[in-house]
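What follows is one structure encoded as structure tokens, with my remarks underneath.
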Amino acid sequence: MAKKIGILTGGGDCPGLNPAIRGAVMRGADFGFEFLGIQEGWRGLVEGNAEPLKVSDVFEIVGKGGTVLGTSRTNPFKKDGAVQKCLDTFKKLKLDALIACGGEDTLGVASKLFKEHKVPVVGVPKTMDNDLSATDYTFGFDTATTIAVDALERLRDTGRSHRRVMVLEVMGRHAGWVALFTAIAGAADWVCLPEEPVDVKAMCENVKKAHAKRKTALVVTSEAVTIPGEAVGKEALDDFGHMLLRKRGVGDRIAGIIESETKLETRAAVIGHIQRGGAPTLFDRILGTRVGAKAAELVQEGKFGQMVALRGNDAVGVSLEEATAKLKIVTPEWLKLAKTFFK
Ligand code: F6P
């Protein structure tokens with residue numbers, strides 16, 4: 001009898017999820033797998049919401065943004081009785097294995113389901129934040145950062161026309177990879193990251209110098225930075241216990257500081273969820289496809305409790321538990337490289 005495999009996408013969506021789903025379903029077809037698409041992340045497993053997913057359903061989705069399965073930030077380990085409901089659904093749907101595509105939170109749930117309840121699960125890493133430590137890159141990051149670089153270049157045009165300083169706020173909750181790569185690739189004059197408090201004095205000095213030379217100055221900030229001297233208020237949390245950062249208005253506050261310290265007219269722009277939509281780049285299409293296909297291979301080999309990782313140019317299986325143990329944050333070496341270009 002054909003093996004029945006459930007597949008779900010959890011956490012924030014990002015470009016590359018559809019290529020990954022397609023990769024898993026089409027490679028799985030080589031092994032005779034039948035797929036069930038679990039709808040809206042772990043919520044679908046809790047509620048038993050699943051639909052058949054055939055090769056014909058996924059054939060053309062390689063270039064599409066979002067996820068055809070829907071997603072949510074539901075964490076069954078935070079809701080009474082929800083883990084048991086997941087186990088019941090797994091049984092009821094007669095699943096042989098589960099492929100979970102997600103970031104640290106979704107894969108953390110997958111890891112616990114494997115460890116504590118022996119659910120045969122394989123993980124596929126996704127996140128535009130690129131902060132999973134076990135893999136060199138996650139799909140979603142390349143597309144999101146390409147969009148942010150485009151936004152920064154647009155801000156340069158309007159900033160220079162008005163002789164203004166422009167601040168671009170990008171996503172990146174715990175790790176500043178999106179802000180860092182945007183700053184380097186888009187020739188910014190400063191970057192503020194969650195990894196270190198904002199150095200207001202150095203930032204404003206460089207902004208003034210840059211503006212004098214180039215009639216504008218560009219600052220990229222991650223949504224989650226710490227501004228020295230600012231009290232952190234109580235903020236709303238999502239289901240995984242993360243702060244809902246979009247309400248913080250960090251970009252605006254940094255713009256205010258720059259304007260008052262440098263006396264240069266300053267504006268801020270937030271691209272927010274625009275970074276998460278749209279067609280995946282070539283890199284994300286190929287990476288998503290490869291890790292999705294590899295996940296089906298791991299299922300075929302019975303290598304459960306593993307996540308697919310990109311190591312150098314190879315897609316390999318690594319332990320899910322280790323992969324979700326710690327986040328990959330920006331290193332001092334990367335920051336040093338970025339600062340080389342603030343001239
Ligand atoms: O998926 C990670 C992330 O993109 C973070 O960078 C950001 O803080 C968060 O998602 C926003 O999530 P939501 O879609 O729930 O507003």
Side-chain angles (χ1 to χ4, degrees), residues 8-18 20 40-43 65-67 69-75 78 100-110 123-133 135 137-149 151-152 168-183 191-195 220-226 232-233 235-254 268-278 280-281 284 287-288 291 307 323-324 326-330:
L8 63 81
T9 54
D13 69 335
C14 71
L17 279 168
N18 283 330
E40 300 156 18
W42 294 115
R43 183 160 71 213
T67 159
L69 299 176
T71 186
S72 70
R73 293 196 191 272
T74 299
N75 179 355
K78 289 255 171 82
C101 311
E104 40 145 351
D105 299 317
T106 303
L107 296 181
V109 170
V124 168
K126 71 87 221 177
T127 162
M128 60 153 283
D129 293 344
N130 199 34
D131 57 2
L132 280 170
S133 57
T135 183
Y137 282 96
T138 49
F139 60 76
F141 174 67
D142 186 69
T143 310
T145 310
T146 301
I147 293 166
V149 170
L152 190 67
L168 174 66
E169 180 187 318
V170 299
M171 280 188 175
R173 183 185 273 140
H174 306 291
W177 296 108
V178 175
L180 183 89
F181 275 44
T182 302
V191 67
C192 306
L193 305 174
E195 285 83 354
V220 181
T221 180
S222 154
E223 63 187 345
V225 299
T226 309
V232 182
E235 292 170 76
L237 303 179
D238 69 18
D239 215 14
F240 280 99
H242 298 303
M243 274 193 280
L244 294 168
L245 295 165
R246 63 183 176 274
K247 304 224 166 77
R248 293 180 85 205
V250 156
D252 263 332
R253 298 211 307 284
I254 289 179
V270 187
I271 51 172
H273 293 82
I274 293 168
Q275 288 159 103
R276 297 224 306 246
T281 55
D284 283 339
L287 180 57
V291 292
M307 180 195 91
T324 52
K326 74 172 182 11
L327 282 180
K328 179 174 70 187
I329 59 171
V330 172

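What you see is a predicted model, and the numbers here were worked out from it, not measured in a lab. Counting starts at 1 for both ligands and their atoms, following the listed order.
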Short question: side chain of [X], backbone of [Y] - any donor-acceptor pair under 3.5 Å?
X    : Y    : answer
E195 : I329 : no
W177 : K328 : yes
S72  : E40  : yes

>> Only heavy atoms of M128, strictly under 4.0 Å: list the atoms of ligand 1 that pass.
In response: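 Contacts of ligand 1 toward M128, numbered from 1: 4 (O).
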
>> Is D129 close enough to touch ligand 1? Criterion: a residue heavy atom under 4.0 Å from a ligand atom.
In response: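 True for this residue.
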
> Hey, does Q275 sit under 4.0 Å from ligand 1 if you only count heavy atoms?
Replying inline: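 No.
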
Does the N or O separation between [X] and ligand 1 drop below 3.5 Å for any pair?
X    : answer
E223 : yes
H273 : yes
G172 : yes

>> What verdict does the side-chain contact (heavy atoms from CB on, under 4.5 Å) test give for R276 and D13, after you've listed the backbone C-alpha separation in whole Å, the side-chain angles of each residue and the deciding distance to 0.1 Å?
In response: CA-CA 7 Å; R276 297 224 306 246; D13 69 335; 2.9 Å; yes

> Considering the options T146, D142, T145, which one meets the side chain to side chain donor-acceptor pair (under 3.5 Å) requirement together with T281?
Replying inline: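 It is D142; the other options fail the test.
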
